[in-house]
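Report on one structure; see the data block that follows.
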Amino acid sequence: MLKKAGIVLLVILGLMAIGGGWYYHENYTGEDYYVKITTNGEKLRDTEAPAAYQVYYEYALPAFNEAGQQRQVTFDAFRDNPLRRNAYLKVAYNHTRGVILSYEEVQQKDIPQKAASKLN
């Protein structure tokens, strides 16, 4: 009896681990897209946020994945100044939540060819 209970417990724990991994993958990982900063963004202010996050810039730009497929993305840059114009960013887009999880500046030479051709 104890052996069966142990096996059932292991199966349940295994299923929970698989389910947790799937949930994390679906909600906290993203597909890489590339954008070119072509505007200064819209400067916004949130006086109820902590001081470091009161001023931010919102950007709505076309983004392209490695295959050159386009998606319109909106993201915020929490900083005192707008992002540098003509800078290229690699953004992680989460399809499940429809949000940008992170972004980082990249060099044009580091962008996949199909995406780069659409950005210029």
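Residue numbers count from 1 along this sequence.
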- Item | Donor-acceptor pair, side chain of Lys118 and main chain of Gly68, under 3.5 angstrom | yes

- Item | From CD1 (Ile37) to OH (Tyr59), nearest 0.5 Å | 6.0 Å

- Message: Restricting to salt bridge (Lys or Arg N to Asp or Glu O under 4.0 Å), what partner residues turn up for Glu48, sequence neighbours left out?
- Response: none

- Are Asp46 and Gln54 close enough that some pair of their side-chain heavy atoms sits under 4.5 Å apart? no

- Item | side chain to side chain contact (heavy atoms under 4.5 Å, CB included) partner of Val11, the single match among Leu13, Leu9, Val8, Leu15 | Leu15

- For Thr38 and Leu61, run side chain to side chain contact (heavy atoms under 4.5 Å, CB included): C-alpha distance rounded to whole Å, both residues' side-chain angles, the deciding distance at 0.1 Å, then the answer. CA-CA 8 Å; Thr38 56; Leu61 299 166; 3.6 Å; yes

- Query: In terms of ring plane angle, is the pair Tyr93 and His95 parallel, tilted or perpendicular, where the classes change at 30° and 60°?
  - Reply: perpendicular

- Query: Taking the side chain as C-beta and beyond, is there a heavy-atom pair between Lys36 and Asn86 under 4.5 Å?
  - Reply: yes

- Query: Should the ring pair Phe75 and Tyr103 be called parallel, tilted or perpendicular, given that the plane angle runs from 0 to 90° and is split at 30 and 60?
  - Reply: tilted

- Message: Taking CD in Gln72 as the centre, count heavy atoms belonging to other residues, nucleotides or ligands within less than 6.0 Å. Is the count above 12?
- Response: yes

- Would you find a donor on one side and an acceptor on the other, under 3.5 Å apart, between the side chain of Arg79 and the backbone of Asn81? yes

- So, for Val55 and Lys43, which heavy atoms are closest and what is the spacing to 0.1 Å? CG1-CE, 3.7 Å

- Message: As a quick check of understanding, evaluate side chain to side chain contact (heavy atoms under 4.5 Å, CB included) for Phe78 and Tyr57, giving each step before the final call.
- Response: CA-CA 6 Å; Phe78 291 92; Tyr57 291 83; over 6 Å; no

- Item | Heavy-atom pair with the smallest gap, counting every atom of Val73 and Val35 | CG2-CG1, 4.0 Å

- Task: Evaluate the side chain to side chain contact (heavy atoms under 4.5 Å, CB included) criterion for residues Asp32 and Val91: first the C-alpha distance (whole Å), next the side-chain angles of each, then the deciding distance (0.1 Å), finally the verdict.
- Result: CA-CA 6 Å; Asp32 289 341; Val91 299; over 6 Å; no

- Nearest-0.5 Å distance, CG of residue Asn65 to CD of residue Gln70: 10.5 Å

- Exercise: identify the closest heavy-atom pair between Pro82 and Asn40: CB-O, 3.2 Å

- Tyr34-Phe64 aromatic ring centre distance below 6.0 Å: no

- Of all residues at least two apart in sequence or in a different chain, which pass the side-chain hydrogen bond (donor to acceptor under 3.5 Å, both in side chains) check with Thr96? Glu26

- Item | Separation between CD1 of Ile100 and OG1 of Thr74, rounded to the nearest 0.5 Å | 8.5 Å

- Query: Could you give the distance from CG (Leu119) to NZ (Lys114), rounded to the nearest 0.5 Å?
  - Reply: 14.5 Å

- Message: Count I, L, V, M, F, W, Y as connected when their side-chain heavy atoms are under 4.5 Å apart, and connections chain through other members. Are Trp22 and Tyr24 then in the same cluster?
- Response: yes

- Determine, step by step, whether Tyr88 and Asn120 satisfy the side-chain hydrogen bond (donor to acceptor under 3.5 Å, both in side chains) criterion, reporting the C-alpha distance in whole Å, the side-chain angles of both residues, the deciding distance to 0.1 Å, and the verdict. CA-CA 11 Å; Tyr88 294 95; Asn120 294 318; 2.7 Å; yes

- Considering non-hydrogen atoms only, spot the tightest contact between Glu105 and Ala87 and give its length. OE2-CB, 3.7 Å

